[in-house]
**Student:** 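Would you mind keeping the following structure in view while I ask a few things?
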Amino acid sequence: MLASVSLTAVTDTDTDAAAIAASLAQPRAFGAVFERHFDAIHRFLRARVGAGLGEELASETFVRAFAARARYDGAFEDARPWLFAIATNLVRAHRRAEARRLRAYAQLDAREAQAPPDEETSTRRLDAAARGPAVGRALAALREAERDALLLVAWGDLTYEETARALDVPIGTVRSRLHRARAEVRGALGEEER
Amino acid sequence: MTVDEIDVIRELRDETQDTAARDRARAALMSSIDQAPAASAPAAVSRRRGPRRRPWTLAIAAGALACTAAVAIAVLTGVDDVSLAPPPATAKAALERAASAAEEQPEPPLAVGEYVYVRERSAYLGTTAGDAAAGWSVLAPSERETWTNRDGGGRIVVHPSTGRPTFPGPRDRERWEAAGRPDLNPGRSRGAHVMRMPAHGYTTGSRQISYEQLSALPSDGEAMYRKLVELAADAGPSPDQEAFTIIGDLLRSGPVPAHVRAGLYRAAGHIKGVRYAGAVRDELGRAGLAVELRESETVRRLVFDPDTSQLLVEQERLLRRQPYVDADPGFVTGYRLVLENGVVKSDHARP
């Protein structure tokens with residue numbers, strides 16, 4: 001017996017590429033891309049420029065992505081590198097805000113670790129607070145291109161290949177930038193622990 | 001205590017979800033969506049193959065390019081150490097030979113619809129994240145094909161399965177084995193990876209420049225050097241080091257007119273610290289001249305054919321032992337070997 005077949009028209013939004021392609025004719029299909037990735041983009045931007053501006057830029061990222069969707073290369077199912085590229089470009093226009101945010105990390109102290117939801121989180125927060133000043137100073141001292149690569153990996157959770165795509169540079173360039181950036185941060189942490 | 005710096009940075013990220021912010025952003029997006037007309041689909045990519053036109057397409061046959069420098073020739077394998085005879089010439093003299101060769105081979109400008117095609121093999125030292133006392137480093141080579149048009153846009157195909165991963169030293173192999181011998185090249189199982197390059201011009205330091213701006217760069221070495229330092233701005237560890245990077249990037253893969261190619265070679269001779277490193281032969285048997293720039297931990301080298309002005313190899317080697325890798329000075333931590341290039345008529349065609 002044949003399985004029953006739904007005759008309802010279905011918009012294929014299983015992948016980002018499919019959702020973006022569908023949105024060319026049915027613009028609201030782009031909502032699937034928003035629902036999948038807003039939290040990640042928001043976390044990334046909040047970490048880079050702070051809560052207020054982070055929310056504004058996260059919202060702007062998706063508005064710009066929607067406006068540029070006709071130029072999206074459908075060969076890539078996952079739109080995260082594209083979205084993080086837009087978000088990173090927005091951060092570049094707000095370098096002063098990012099500098100303020102990095103100075104705030106440099107002024108972290110253990111009081112910020114109060115009232116954690118559980119013991120594991122508590123320990124992580126305390127560690128982060130203890131290392132925050134050194135990490136904040138190290139991030140602020142990095143070249144912009146190196147900081148972009150490092151934070152796409154650390155705060156955007158992108159792979160090296162995805163970072164290369166987001167920054168539109170060869171993967172070898174990403175590796176060398178990350179190598180230098182990690183060495184700088186490692187050095188700063190080492191000095192802090194001595 | 002040893003910690004991984006990526007994890008430390010990640011700990012600073014606030015993981016909480018802000019549903020109110022999400023709702024506000026969704027409303028802003030939907031407002032934008034509802035005001036927008038339906039967009040038209042992008043044009044299909046042409047798959048038409050075009051004939052090879054450029055006279056400077058590289059021959060990859062072993063020994064195809066003869067070197068006339070009467071000096072000792074060392075083998076440059078891309079991953080092996082290299083010992084060179086004492087350099088008999090200055091960097092400026094070596095670079096001027098390539099610059100003059102470039103000027104003797106004028107080329108038509110890259111036309112709309114044409115692509116510069118480059119096939120290269122590269123590997124860069126990758127170090128595992130996590131506990132630094134248990135992590136290992138490895139060089140995993142891959143091949144990459146790039147098609148670049150006048151606007152800087154185009155297509156990249158990465159073939160990750162084209163080489164055997166190499167450990168820098170026994171410590172790295174032992175740690176990898178202790179970790180259960182995880183796959184060193186997980187990209188292999190996925191096959192070729194295709195990426196699309198947006199038409200954003202050419203990245204030079206911290207700036208993007210157009211094809212017209214690229215074509216307007218000078219042939220004079222001093223003037224080009226000043227321009228490269230200006231383009232470098234705050235990218236890279238220093239303007240000089242970034243200028244050296246820009247020169248390598250443009251010579252390797254940019255649609256660079258002959259006079260600009262000449263200017264780039266001459267400019268390299270104006271970078272403080274650039275020295276002539278002798279004549280070498282790469283793993284394809286091609287002979288070339290090498291210039292290099294010492295940095296804090298590594299020395300970077302450009303190898304070029306002085307008679308055709310083609311860049312053959314970029315290479316980075318350790319200057320001294322480093323805590324993050326079990327390797328001696330001279331160990332190659334990264335390289336890009338240009339295998340083939342030329343101008344083609346579509347972003348799927350090969351010379």
Side-chain angles (χ1 to χ4, degrees), chain A residues 21 23-28 30-31 34 38-39 42-44 46-47 51 55 58-59 62-63 66-67 69-73 75-76 105 108 124-125 127-128 131-132 135-136 139 143-145 150-151 153-155 160-161 164-165 168-172 175-176 179-180 182-183 185-186 189 193, chain B residues 1 3 5-18 21-22 24-26 28-30 32-34 36-42 122-127 132 142 144 146 156 158 187 193-198 200 203 205-206 234-237 245 249 253 297 316 324 333-334 336:
Chain A
S23 76
L24 294 172
Q26 302 169 52
R28 283 202 165 225
F30 194 82
F34 174 90
F38 177 80
D39 286 342
H42 186 208
R43 275 199 304 271
F44 172 76
R46 200 168 50 193
E55 179 185 339
S59 179
F62 286 90
V63 170
F66 173 75
R69 70 195 188 286
R71 297 196 294 277
Y72 185 74
D73 183 352
F76 299 104
Y105 290 128
L108 266 180
R124 280 200 297 111
R125 289 271 178 85
D127 285 347
R131 295 173 187 139
V135 176
L139 291 177
R143 305 259 175 201
E144 187 181 357
L150 182 63
L151 296 183
V153 172
W155 285 342
Y160 283 21
E161 282 196 345
R165 205 178 131 209
D168 192 22
V169 297
I171 194 169
R175 287 187 193 282
S176 61
H179 175 71
R180 288 195 289 262
R182 292 179 70 161
V185 175
R186 197 182 306 135
L189 287 170
E193 287 173 12
Chain B
M1 181 177 65
V3 295
E5 54 280 357
I6 297 281
D7 288 341
V8 171
I9 296 166
R10 196 166 278 145
E11 284 165 5
L12 290 172
R13 183 179 61 183
D14 183 356
E15 303 290 348
T16 56
Q17 290 189 359
D18 186 339
R22 186 188 179 99
R24 286 190 290 271
R26 183 189 295 108
L29 175 64
M30 288 304 157
S32 181
I33 285 175
D34 290 341
S40 57
S122 64
Y124 285 88
L125 192 68
T127 303
S142 64
R144 161 191 300 257
T146 309
I156 300 174
V158 180
H193 180 62
V194 181
M195 293 181 279
R196 177 70 59 183
M197 292 189 293
H200 287 166
T203 303
S206 60
D234 62 351
T245 300
D249 285 348
S253 57
E297 295 179 359
E316 189 171 300
Y324 56 83
T333 56
R336 298 172 80 103

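So that the names make sense, note that chain A is the first sequence line, chain B the second, and so on, each numbered from 1.
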**Student:** How far apart are the closest heavy atoms of A/H42 and B/A21, and which atoms are they?
**Tutor:** CE1-CB, 3.6 Å

**Student:** Quick check on B/R26 against chain A: is it the side chain, the backbone, both or neither that has a heavy atom closer than 4.5 Å?
**Tutor:** both

**Student:** Measure distances from A/A154 to the heavy atoms of chain B and classify the residue's part below 4.5 Å as side chain, backbone, both or neither.
**Tutor:**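 It is both, since atoms from each part get that close.
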
**Student:** Select, from B/R336, B/R144, B/R22, B/R24, the one with the greatest count of heavy-atom pairs under 4.5 Å involving chain A.
**Tutor:**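 Answer, by heavy-atom pair count under 4.5 Å with chain A: B/R22.
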
**Student:** In Å and rounded to the nearest 0.5 Å, what is the CG to CD1 distance from A/L150 to B/I9?
**Tutor:** 4.0 Å

**Student:** Minimum heavy-atom separation for A/V185 and B/E5, please, with both atom names.
**Tutor:**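 Residues A/V185 and B/E5, closest heavy atoms: CG1-CB, 3.7 Å.
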
**Student:** If you count heavy-atom pairs under 4.5 Å between each of A/A51, A/S176, A/G172, A/A75 and chain B, which one has the most?
**Tutor:**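 The candidate making the most pairs under 4.5 Å is A/G172.
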
**Student:** Using a cut-off of under 4.5 Å on heavy-atom pairs, state which of A/F38, A/F44, A/F30, A/F76 scores highest against chain B.
**Tutor:** A/F76

**Student:** Return the set of residues passing side chain to side chain donor-acceptor pair (under 3.5 Å) with B/E316 (not counting sequence neighbours), or none when no residue passes.
**Tutor:** none

**Student:** What's the verdict on side-chain contact (heavy atoms from CB on, under 4.5 Å) for B/E11 and A/V135, showing C-alpha distance, side-chain angles and the deciding distance?
**Tutor:** CA-CA 10 Å; B/E11 284 165 5; A/V135 176; over 6 Å; no

**Student:** Which region of A/I171, side chain (C-beta onward) or backbone (N, CA, C, O), has a non-hydrogen atom less than 4.5 Å from a non-hydrogen atom of chain B, or is it both or neither?
**Tutor:** both

**Student:** Look up atom CZ in A/F62 and atom CG in B/L29, then write down how far apart they are to the nearest 0.5 Å.
**Tutor:** 8.0 Å

**Student:** Counting only heavy atoms closer than 4.5 Å, note whether A/R46 contacts chain B via side chain, backbone, both or neither.
**Tutor:**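 Contact with chain B: side chain only.
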
**Student:** With rounding to the nearest 0.5 Å, note down the distance linking CZ in A/R175 to OG in B/S122.
**Tutor:** 8.5 Å

**Student:** Can you check side-chain contact (heavy atoms from CB on, under 4.5 Å) on B/T333 and A/H179, steps first, answer last?
**Tutor:** CA-CA 11 Å; B/T333 56; A/H179 175 71; over 6 Å; no

**Student:** Tell me which of these, A/V153, A/V63, A/D73, has more heavy-atom pairs under 4.5 Å with chain B than the rest.
**Tutor:** A/D73

**Student:** Okay, side chain of B/R13, backbone of A/W155: is any donor-acceptor separation there less than 3.5 Å?
**Tutor:** yes

